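Inspection log for the structure reproduced underneath, given as C-alpha cells.
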Amino acid sequence: ETGVTQTPRHLVMGMTNKKSLKCEQHLGHNAMYWYKQSAKKPLELMFVYNFKEQTENNSVPSRFSPECPNSSHLFLHLHTLQPEDSALYLCASSPGQIADFYNEQFFGPGTRLTVL
Amino acid sequence: DAKTTQPPSMDCAEGRAANLPCNHSTISGNEYVYWYRQIHSQGPQYIIHGLKNNETNEMASLIITEDRKSSTLILPHATLRDTAVYYCIVRVGGYQKVTFGTGTKLQVIP
C-alpha cells in the first residue's frame, strides 16, 4: 500500500450505531488530519494531530471522537450521529510541524458516510 | 489565511491550455499560494505552490503577478482527466490549518 488509505470507503449507519473510520499513511509523516466535506460545501478541517498529539480541534461535536495511536494511524470514532453528519470524511497527512513549512498535505480517498 | 476569489466554473477544450485565475488581493508577504484539485468524490491532490516567482512542475505552471495580488494556474494541455474542482489557497508557510474555499469547477470538453 502506498500513500494514504481509508477504510471503509462507504458506510451506512443508523443514528444509534457506533462505528469507526480508519486512516493509515505509508509516507513516514508525523501529522494527520480529519476533514469533512458535506454536499456542495467546502472542506472543513476537523482535527489535526502532530506526533500523536491533538493540536487542533475545530469546534467539532463530541459525537466525533478521534484517536491517533501512532503517527501512521488515525481513527474517527462515531456515535449517535445525526443525518446532517452524512458527508465525505477525508484523512490527510503531512510531514509534521517544523518540517511542514510547505505543508503539502496528502489526502486519502475518503469514506462516504450516510447516517439514516 | 488571506481570502481568495475564484470563478465558480470554467470550460476548456481538450488539448488546449487551461488558465485558472485566482485573486488574493490581501495576501501578506509571508503567505504562499497553493493549488490543489479534487476529482469527483476523491481526496484533494496537491498541484503546486509558490511565493513570488513563477513555478513549474510536471503537472502545471503557476504564474504570480509582481504585486502578488493574483495568480494563474496553467494546465498546458488539458485532458478529460483534468476535469475537477481546483482550489487556490493562500497560507503562511508552516501553518497547518488549510482553508479550502469553493474553488473553480473546470470542465474539459472533448
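As the structure is a prediction and not an experimental result, all values here were calculated from the model. Below, chain A is the first sequence line, B the second, and so on; all start at residue 1.
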Checklist entry - So do A/Val115 and A/Met15 actually touch side chain to side chain, heavy atoms under 4.5 Å? => result yes
Item to check | Within-4.5 Å side-chain heavy-atom neighbours: A/Pro109 and B/Gln42 | outcome: no
Checklist entry - When clusters are formed by joining ILVMFWY residues with side-chain heavy atoms under 4.5 Å apart, either directly or through shared neighbours, do A/Leu43 and A/Leu113 land in the same one? => result no
Next on the checklist: Need one label for A/Glu44: side chain, backbone, both or neither, based on atoms under 4.5 Å from any heavy atom in chain B.
Outcome noted: neither
Next on the checklist: Aromatic contact between A/Phe47 and A/Phe64, with the criterion being ring centroids under 6.0 Å apart: yes or no?
Outcome noted: no
Next on the checklist: With a 4.5 angstrom heavy-atom cut-off, is it the side chain or the backbone of A/Tyr35 that approaches chain B, or both, or neither?
Outcome noted: side chain
Checklist entry - Does B/Asn19 offer a backbone N or O that forms a donor-acceptor pair with the side chain of B/Thr72 under 3.5 Å? => result no
Checklist entry - Can you pull out the residues in residues 6-13 of chain A with any heavy atom less than 4.5 Å from chain B? => result none
Item to check | Pairing residues for B/Arg16 by the side chain to side chain donor-acceptor pair (under 3.5 Å) criterion, not counting sequence neighbours | outcome: none
Checklist entry - How far apart are the C-alpha atoms of A/His77 and A/Glu67, what are their side-chain angles, what is the distance that settles it, and do they pass the side-chain hydrogen bond (donor to acceptor under 3.5 Å, both in side chains) test? => result CA-CA 8 Å; A/His77 303 299; A/Glu67 178 190 2; 2.6 Å; yes
